[in-house]
Amino acid sequence: MQAISKRVGHQYLTPSSSISSLKSIYPVSDHYYGADRPKYGSTLATKGVGHLVRKGTGGRSSVSGIVAAVFGSTGFLGRYLVQQLAKMGSQVLVPFRGSEDSHRHLKLMGDLGQIVPMKYNPRDEDSIKAVMAKANVVINLIGRDYETRNFSFEEVNHSMAEQLATISKEHGGIMRFIQVSCLGASSSSPSRFLRAKAAAEEAVLRELPEATVLRPAVLIGTEDRILNRWAFFAKKYGFLPLIGDGSTKIQPVYVVDVAGAIVAALKDDGTSMGKVYELGGPEVFTVHQLAELMFETIREWPHYVKVPLPIAKAIAAPREILLNKVPFPLPNPEIFNRDQILAQATDTVVSENSLTFSDLGLVPHKLKGYPVEFLIQYRKGGPNYGSTVSERVSPDAWP
């Protein structure tokens with residue numbers, strides 16, 4: 001009996017017989033699952049980063065050939081960029097200098113082993129070289145719109161960018177370098193932040209003339225630093241201070257669109273190399289109009305207190321004076337950030353003849369709607385309620 005079962009089992013486990021029987025029922029080609037078939041070939045056209053090995057259908061479990069060192073990836077824009085890079089099969093090196101919790105939200109965005117956290121010190125050149133060792137793309141998102149006791153505007157926004165460009169040039173294997181600057185960056189700006197960003201652009205293009213520079217406007221999104229601050233302040237104090245008369249023009253942009261622009265620059269055929277793009281949203285707002293949109297979304301009656309520019313600078317001045325004179329860290333500025341007050345004294349919109357989203361093949365989202373829906377969390381009584389509509393809600397709609 002055992003001999004019969006062994007003979008029967010051997011008969012069905014013989015490779016030639018099993019494969020031939022399957023082919024007689026299902027005519028399967030030997031190279032059906034190969035990348036040579038168009039249906040299963042990679043959809044990622046990364047000509048701009050050289051001749052890279054690409055495998056798969058272009059999704060999360062594919063290999064795009066991009067190994068990107070994203071400096072500043074633990075910040076606001078970084079999380080959206082890492083997500084877009086990872087979902088097309090790129091390996092993302094995530095340098096961090098804080099605790100192990102600072103990057104944990106990024107580890108789930110890519111396939112196993114594709115998100116690689118690497119602890120580094122921005123003042124230690126060897127640790128930066130260790131991050132870049134196996135990268136072929138460097139993206140610099142490092143930036144800060146206020147100073148601390150440890151880091152000045154010039155060091156964070158200028159010196160670090162210049163250092164990354166210098167190391168990338170020495171590396172020899174970096175095929176694309178993308179510097180994310182800021183709309184309004186100019187050497188003649190009254191804002192030290194914008195002057196430092198302009199100096200960083202100049203330094204990067206001097207070291208790497210083929211680098212791509214992107215200048216996004218004010219970023220809007222779930223973790224943004226403008227509408228969230230306004231909504232929190234308005235809910236806590238019942239009014240919103242307007243610096244000046246609120247007539248300054250800005251062109252806010254959805255953060256997902258900016259992340260998409262960075263990926264589009266990587267995926268092109270090299271046409272974006274050595275160019276500067278100004279990324280603003282499709283609509284120009286005054287500060288007052290953007291505040292009206294915020295109040296409309298959180299469903300609160302708008303109340304403003306107009307603060308003249310000299311008084312606003314006087315309110316913000318003590319932090320700037322005491323920053324390096326007291327032996328303890330001072331609170332981060334929220335509404336009254338002196339440098340941002342100076343930056344908002346002039347209009348910040350996309351230049352008339354500049355390269356924009358359309359030159360990257362993208363159409364940015366309008367703000368009203370999904371991009372600002374995160375403000376629903378500030379509504380009183382839940383997402384369906386609020387001070388401005390509470391009297392119009394039918395009792396039948398109550399949960």
Side-chain angles (χ1 to χ4, degrees), residues 42-52 54 58 62 64-73 75-94 109 132 135-143 161 164-165 168-169 171 173-183 185 197 200-217 219 221 251 253-282 350-351 353-365:
S42 175
T43 59
L44 181 64
T46 51
K47 296 179 183 177
V49 290
H51 301 286
L52 301 176
R54 300 185 293 274
S62 304
S64 72
I66 294 175
V67 182
V70 184
F71 290 87
S73 53
F76 175 30
L77 175 59
R79 66 182 64 204
Y80 295 94
L81 176 59
V82 170
Q83 187 266 341
Q84 292 202 25
L85 287 171
K87 78 175 184 180
M88 67 182 189
S90 304
Q91 187 172 51
V92 185
L93 309 178
V94 178
M109 294 180 178
M132 289 191 192
N136 55 25
V137 169
V138 173
I139 303 171
N140 180 30
L141 307 181
I142 296 175
L164 292 179
S168 298
K169 184 178 181 179
H171 185 286
I174 303 301
M175 299 175 183
R176 294 298 297 271
F177 187 101
I178 295 181
Q179 166 71 12
V180 177
S181 184
C182 185
L183 189 63
K197 282 293 186 182
E201 292 179 15
E202 183 181 349
V204 168
L205 292 174
R206 183 175 61 248
E207 294 290 334
L208 298 169
E210 66 277 9
T212 302
V213 176
L214 303 179
R215 293 177 174 176
L219 298 177
Q251 199 168 347
V253 61
Y254 187 31
V255 64
V256 175
D257 294 332
V258 177
I262 297 173
V263 174
L266 287 179
K267 292 169 66 175
D268 68 12
D269 57 357
T271 55
S272 63
M273 298 176 72
K275 295 181 180 177
V276 178
Y277 293 82
E278 296 191 356
L279 306 179
V350 173
S351 305
N353 298 320
S354 62
L355 298 173
T356 60
F357 278 108
S358 60
D359 297 285
L360 293 169
L362 301 175
V363 178
H365 292 78

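- Sorted by first then second residue, the salt bridge (Lys or Arg N to Asp or Glu O under 4.0 Å) pairs that include residues 75-88, not counting sequence neighbours, are Arg79-Glu223.
- Not a single ring pair (Phe, Tyr, Trp, His ring centres under 6.0 Å) links Phe177 to another residue, sequence neighbours left out.
- Residues Met88 and Ile66 form a side-chain contact, since some pair of their non-hydrogen atoms from C-beta on lies under 4.5 Å apart.
- Taking all atoms of both residues into account, the shortest heavy-atom contact from Lys197 to Cys182 is CG-CB, 4.2 Å.
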Pair up each side-chain donor or acceptor in residues 204-216 with any protein partner under 3.5 Å, not counting sequence neighbours, and list the distances.
| residue | atom | partner | partner atom | Å |
| --- | --- | --- | --- | --- |
| Arg206 | NH2 | Glu162 | OE2 | 3.2 |
| Thr212 | OG1 | Arg176 | NH2 | 3.3 |
| Thr212 | OG1 | Ser272 | O | 2.9 |
| Arg215 | NE | Glu201 | OE1 | 3.2 |
| Arg215 | NE | Glu201 | OE2 | 2.9 |
| Arg215 | NH1 | Glu278 | OE2 | 3.2 |
| Arg215 | NH2 | Glu201 | OE1 | 2.7 |

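- Exactly one of Ile178, Val180, Val82 qualifies for a side-chain contact (heavy atoms from CB on, under 4.5 Å) with Leu141. That residue is Val180.
- Val276 has its side chain out of reach of Leu355: every pair of non-hydrogen atoms, C-beta onward, lies at least 4.5 Å apart.
- Put simply, the side chain of Gln84 reaches to within 4.5 Å of the side chain of Val256, judged on heavy atoms.
- Residues satisfying the side chain to side chain contact (heavy atoms under 4.5 Å, CB included) test with Val255, not counting sequence neighbours, are Phe76, Leu77, Tyr80, Leu219.
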Q.
Val253 vs Leu183, test: side chain to side chain contact (heavy atoms under 4.5 Å, CB included). Steps then yes/no.
A. CA-CA 11 Å; Val253 61; Leu183 189 63; over 6 Å; no

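- Closest non-hydrogen pair, Pro364 versus Asp257, comes out as CA-OD2, 3.4 Å.
- Side-chain atoms of Leu279 and Phe357, non-hydrogen and from C-beta on, do get closer than 4.5 Å to each other.
- Residue His365 qualifies as open at atom NE2: its count of foreign heavy atoms under 6.0 Å is 12 or below.
- When all heavy atoms are compared, the tightest approach of Ala135 to His171 is O-CE1, 3.7 Å.
- Considering all non-hydrogen atoms of both residues, Ser168 and Ile174 come closest at O-CG1, 3.9 Å.
- Closest approach of Ser354 to Ser351, counting heavy atoms only: OG-O, 3.0 Å.
- Checking each of Thr356, Ile262, Leu360 against Tyr277 for a side-chain contact (heavy atoms from CB on, under 4.5 Å) leaves exactly one that passes, namely Leu360.
- Closest of all the heavy-atom pairs between Ala200 and Ala161 is CB-CB, 3.9 Å.
- Residues forming a side chain to side chain contact (heavy atoms under 4.5 Å, CB included) with Ile142 (at least two apart in sequence, or on another chain): Phe71, Tyr120, Asn140, Val156, Met160, Leu164.
- Partners of Gln91 by side chain to side chain donor-acceptor pair (under 3.5 Å), not counting sequence neighbours: none found.
- Side-chain contact between Val137 and Leu85: absent, with no pair of heavy atoms (C-beta onward) separated by less than 4.5 Å.
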